[in-house]
Amino acid sequence: MKRPPKPPEPRSSFRERMLRLLAWYQGAQRDLPWRHTRDPYAILVAEVMLQQTQVSRVVPRYDQFLACFPTWHALADAPVADVIRAWEPLGYNRRAVRLHRLAQAAVHRWDGDLPHEPELLRCLEGIGPYTAAAVACFAFGAPVPVLDTNARRVLLRLFLGPAKAQERELRALAQEAVAALPEGQAPAWNQALMDLGATVCTSRKPLCPRCPLRADCRSALWMQRANERVAEARGPYRALRLKPFRGSSRYYRGRIVHQLRLLPPGESVALEELGTRVKTTFAVTELPWLYRLVATLEREGLARVEAASGLTLNSELGHVRVRLP
DNA sequence: AAGCCGGGGTT
DNA sequence: AACCCAGGCTT
């Protein structure tokens with residue numbers, strides 16, 4: 001008997017797959033603090049904190065930040081130094097400054113609210129395509145795609161396969177999905193994509209056996225083989241835990257801001273003293289280097305330099321003092 | 001498109 | 001040691 005041609009894989013319709021993911025989400029969704037509110041302020045705080053920062057690192061800081069700054073007004077009226085302090089250790093410290101300015105814009109320009117349309121949200125500094133869509137959807141219920149790294153990966157693997165796709169097709173696919181959604185399901189859908197990506201369809205070690213859509217996934221088979229290859233190739237693990245970014249300007253910027261946060265409120269530190277706190281081998285010949293870093297931080301709203309105006313001669317740098325803005 | 005911007009956890 | 005992360009902005 002001739003071997004029968006391989007039957008076409010049974011594929012559920014686009015809509016069936018969406019409904020299955022939504023059903024999975026109903027039972028598997030993560031209980032996250034920012035999912036208990038639709039207050040635009042609380043949503044925005046979460047979304048800004050979550051920019052390029054893992055959920056597990058935001059959770060412990062989130063309630064604490066909201067306790068310090070419960071409303072638009074509370075945040076807008078607070079000294080920016082307090083906001084910068086409350087941001088530690090989330091990183092990307094300019095987000096704290098931008099969030100502070102966003103609160104002031106909400107109070108003074110938008111009458112205690114935010115615009116509801118993603119296109120208008122996008123005009124605000126610190127709100128990019130992701131955050132605009134997230135606020136529009138999660139706070140205002142707008143049926144728009146919310147494309148973060150998780151949603152991109154899930155859509156790509158699920159519908160487009162292992163080949164790399166252009167941002168353009170991804171957006172088209174995401175838009176098509178949202179348009180096919182039952183009324184009012186956009187927030188759940190977007191969160192379902194993120195949850196699947198965060199807990200099952202992970203970047204490095206996806207748990208395909210636990211995936212509700214495995215049977216209809218364009219990448220499942222490919223992924224299984226890839227995992228087997230990785231398992232074979234994996235060698236003994238050694239934890240090294242060396243200091244990352246040693247010597248990079250990014251590394252020292254972080255240390256500088258950390259030291260400024262440690263200062264008592266309103267106090268400043270001499271540039272040279274700051275140098276020794278930030279770098280154990282600091283020498284006075286490095287004052288210009290340190291001053292450049294601090295000057296950049298000042299332009300970004302993360303530091304204030306107290307000095308005779310515009311003097312950058314080496315001999316003058318000894319009089320420079322630095323503090324939080 | 002590429003570089004820059006933190007910092008902690010995972011493998 | 002590199003990789004990862006509910007990105008955004010500048011050049």
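This one's a predicted model, so the numbers in the text were calculated from it and none came from an experiment.
Among the nucleotides dG8(C), dA6(C), dG7(B), the one closest to the side chain of R57(A) is dG7(B). Closest to the side chain of R35(A), from the set dG8(B), dG6(B), dA6(C), is dA6(C). For Q52(A), the listed nucleotide lying nearest its side chain is dC5(C); candidates were dG7(B), dC5(C), dA6(C). In this structure, the nucleotide among dG6(B), dG8(B), dC5(C) sitting nearest to the side chain of R153(A) is dC5(C). Comparing atom distances between the E125(A) side chain and each of dA6(C), dC9(C), dC5(B) picks out dC9(C) as nearest.
Using a 4.0 Å cut-off, no side-chain N or O of T149(A) falls inside it from OP1 or OP2 of dC4(C). The shortest distance between the side-chain N/O atoms of R122(A) and the OP1/OP2 oxygens of dC9(C) is below 4.0 Å. Side-chain N/O atoms of R204(A) include none lying less than 4.0 angstrom from OP1 or OP2 on dC5(C). Between S203(A) and dC3(C) there is no side-chain N or O to OP1 or OP2 distance below 4.0 Å. The phosphate of dC5(C) has neither OP1 nor OP2 within less than 4.0 Å of any side-chain N or O from T53(A).
At whole-Å resolution of the value, CG in L121(A) and C1' in dC9(C) are 17 Å apart. Counting to the nearest Å, the P atom of dG7(B) and the CZ atom of R95(A) are 11 Å from each other. As a whole-Å value, the separation of I256(A) CD1 from dG7(B) C1' is 16 Å. In this structure, the CD atom of E298(A) is 17 Å from the P atom of dC5(B), given to the nearest Å. Put simply, CD on E167(A) is 13 Å from C1' on dA1(B), counting in whole angstrom units. Nucleotide dA6(C) holds its P atom 16 Å from the OH atom of Y62(A), rounded to whole Å. As a whole-Å value, the separation of R98(A) CZ from dC5(B) P is 13 Å. The separation between Y92(A) atom OH and dC4(C) atom P is 13 Å, rounded to whole Å.
Side-chain N/O atoms of Q51(A) and Y130(A) include no donor and acceptor closer than 3.5 Å. At a cut-off of 3.5 Å, with distance as the only test, a side-chain donor of R299(A) or T296(A) sits close to an acceptor on the other residue. T199(A) and R30(A) form no side-chain donor-acceptor contact under 3.5 Å, judged by distance and modelled atom types alone.
Residue contacts for W87(A): at a heavy-atom cut-off of 4.0 Å it reaches no nucleic acid atom on any strand shown. At the heavy-atom level, L32(A) lies under 4.0 Å from base atoms of the strands shown. Across all strands shown, T131(A) has heavy atoms under 4.0 Å from sugar-phosphate atoms exclusively, and none from any base. Among the heavy atoms of the strands, none lies under 4.0 Å from T202(A). At a threshold of 4.0 angstrom between heavy atoms, the contacts of Q54(A) include nucleobase atoms, whether or not backbone atoms are also involved. Counting any heavy atom pair closer than 4.0 Å across all strands shown, N190(A) reaches no nucleic acid atom.
Nearer to the 5' terminus of DNA chain C, by closest-nucleotide assignment, is the contact made by G197(A) (compared with the other of I127(A) and G197(A)).
Separation of the P atoms belonging to dA6(C) and dT11(B) is 14 Å when rounded to the nearest angstrom. dG8(C) sits 22 Å from dG8(B) when the P atoms are compared, rounded to a whole Å.
In this structure, F69(A) has its ring center at least 6.0 angstrom away from the ring center of Y41(A).
A 4.5 Å side-chain heavy-atom check between H36(A) and D31(A) finds at least one atom pair inside the cut-off. A 4.5 Å side-chain heavy-atom check between L32(A) and V55(A) finds at least one atom pair inside the cut-off.
Within the 3.5 Å criterion, the main-chain N or O of L213(A) finds no donor-acceptor partner in the side chain of R17(A).
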